[in-house]
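Worth saying up front: this structure is predicted, and the values here are computed from it rather than measured. Numbers restart at 1 for each chain; the letters A, B, ... are given by sequence-line order, proteins then strands.
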Protein chains: 2
Amino acid sequence: MSETLSPAPSRERRTYSIGELARRFEVTPRTIRFYEQEGLLDPERRGQTRVYHEKDRVRLSLTLRGKRLGFSLAEIREVIQLYDHAPDGDERQLRRMLDILAEKRRGLERQLEDIRALQHELDDVEDRCRESLDALLARHSRDA
Amino acid sequence: MSETLSPAPSRERRTYSIGELARRFEVTPRTIRFYEQEGLLDPERRGQTRVYHEKDRVRLSLTLRGKRLGFSLAEIREVIQLYDHAPDGDERQLRRMLDILAEKRRGLERQLEDIRALQHELDDVEDRCRESLDALLARHSRDA
DNA sequence: GATGAGCTTGACGTTTACGTAAAGTAGACC
DNA sequence: GGTCTACTTTACGTAAACGTCAAGCTCATC
């Protein structure tokens, strides 16, 4: 449950290869490297190969969640940076961050509304669909 | 409230120019033409200029809602076609359509989960943010 | 020591969803 | 009749988010 992006001193010591992460999240290694290039991930290096920790796994998870909601990688990077730099900064920065947070919340609220609206429209389609099906089956049994 | 994509015999008789629609929805005419090209809109023609009816306005509204949720235009077109062709088709087609509807619903459910998760993460950030701010303000008043 | 699996860095290609500029048309107004 | 304004088509450009080779390293295994 309580996953965090901030280091969480040293709970889990597991590491992952890029291939492992890719299989886990059903993306390609290319995608993961691309996210790193875009500043969404920052894995350790051993020699020249990448080593991913819990922090990276959580970040990737957050990234893919954002993608499913239609966020751009730039927007997701913003959220991640909010996450990482929440505690520091002066008063003006902190207040600005609270503003940004409020705005993000408004965006999510709107998405909630959009989803509800779409659900209702699916209801409509399903209703009409079932009616047609019922009429069809009624004719079937009548003609039998 | 009860807007429909199916013709609704002839309730409103308003029409719109492409520019009017564009202003209403805060998109460019180019976007609207592109959506037509992609099979999402199908306006009447008077001479060579496009004339949009309620049906088109509702479709555009649905399209933009889909976009806000991260759907591709192809996916949105699917939904619109569901909407338009719901009542016709044989039994197999109708059952297939119900399956598709169920799948769309699962997608929306997942998005709901994603939104809730993101809201919690924003809660976390906000908490830490407020703590820092409080600490900062406390120091201020102490130093005064 | 060759072979394969999995990693690496480039570099170019591709799809989606438009933006933008060019050049022409059609009706309203002075 | 000229000038605006709003529309039209055609066509090329572009940003985002990867896909898809190519070529090379590295480590275990036969």
Looking at A:Thr49, is its backbone amide N or carbonyl O close enough to the side chain of A:Arg46 to form a donor-acceptor pair, meaning the two atoms are under 3.5 Å apart? no
Partners of B:Arg77 by salt bridge (charged side-chain N to carboxylate O under 4.0 Å, His left out), sequence neighbours excluded? none
Go through the structure and list residues passing salt bridge (charged side-chain N to carboxylate O under 4.0 Å, His left out) with A:Glu113, not counting sequence neighbours. none
Which part of the nucleic acid, if any, lies within reach of A:Arg45 when heavy atoms closer than 4.0 Å are counted: base, sugar-phosphate only, or nothing? sugar-phosphate
Side-chain donor-acceptor distances from residues 92-99 of chain B under 3.5 Å, at least two apart:
residue : atom : partner : partner atom : Å
B:Gln93 : OE1  : B:Asp90 : N            : 3.3
B:Arg95 : NE   : B:Glu91 : OE2          : 3.1
B:Arg95 : NH2  : B:Glu91 : OE2          : 3.2

Quick one: list whatever passes salt bridge (charged side-chain N to carboxylate O under 4.0 Å, His left out) with B:Asp123, sequence neighbours left out. A:Arg105
How many whole angstroms separate atom CD of A:Glu36 from atom P of C:dC7? 14 Å
Separation of C:dT8 P from A:Glu44 CD (nearest whole Å): 13 Å
Qualifying side chain to side chain donor-acceptor pair (under 3.5 Å) pairs with a residue from residues 26-37 of chain A, counting only residues at least two apart or across chains: A:Thr28-A:Thr31, A:Glu36-A:Arg50
Round to a whole Å and report the spacing from CG of B:Leu21 to P of D:dA6. 15 Å
Between D:dA6 and B:Arg33, is there an OP1 or OP2 to side-chain N/O distance shorter than 4.0 Å? no
Run the salt bridge (charged side-chain N to carboxylate O under 4.0 Å, His left out) test against B:Glu131 and tell me which residues pass, sequence neighbours left out. none
Quiz: residues 133-144 of chain B side-chain donor-acceptor pairs under 3.5 angstrom, not counting sequence neighbours:
residue  : atom : partner  : partner atom : Å
B:Ser141 : OG   : B:Leu137 : O            : 3.4
B:Ser141 : OG   : B:Ala138 : O            : 3.0

Length of the CD1-P vector between A:Ile32 and D:dA17, whole Å: 16 Å
Would you write the dot-bracket representation of DNA chain C, where each base gets (, ), [, ], | or . depending on whether it forms a Watson-Crick or G-U pair under 3.5 Å and with which partner? ||||||||||||||||||||||||||||||
Could you tell me the separation between the CD atom of A:Gln37 and the P atom of D:dA15, rounded to a whole number of Å? 15 Å
Please list, chain by chain and in numerical order, all residues satisfying side chain to side chain contact (heavy atoms under 4.5 Å, CB included) with A:Glu75, sequence neighbours excluded. A:Phe71, A:Ser72
So does A:Arg50 get a side-chain nitrogen or oxygen closer than 4.0 Å to the phosphate oxygens (OP1/OP2) of C:dT9? yes
In B/S/- notation (B base, S sugar-phosphate only, - none; protein heavy atoms under 4.0 Å), nucleotides 13-29 of chain C written 5' to 3' is ----BBBB---------
Set of residues satisfying side chain to side chain contact (heavy atoms under 4.5 Å, CB included) with respect to B:Arg23, sequence neighbours excluded: B:Glu20
Check each of A:Arg68, A:Lys67, A:Arg65 against B:Asp114 using the side chain to side chain donor-acceptor pair (under 3.5 Å) test, and report the only one that passes. A:Arg68
Between the protein and nucleotides 4-6 of chain C, list the N/O to N/O atom pairs that are separated by less than 3.5 angstrom.
none

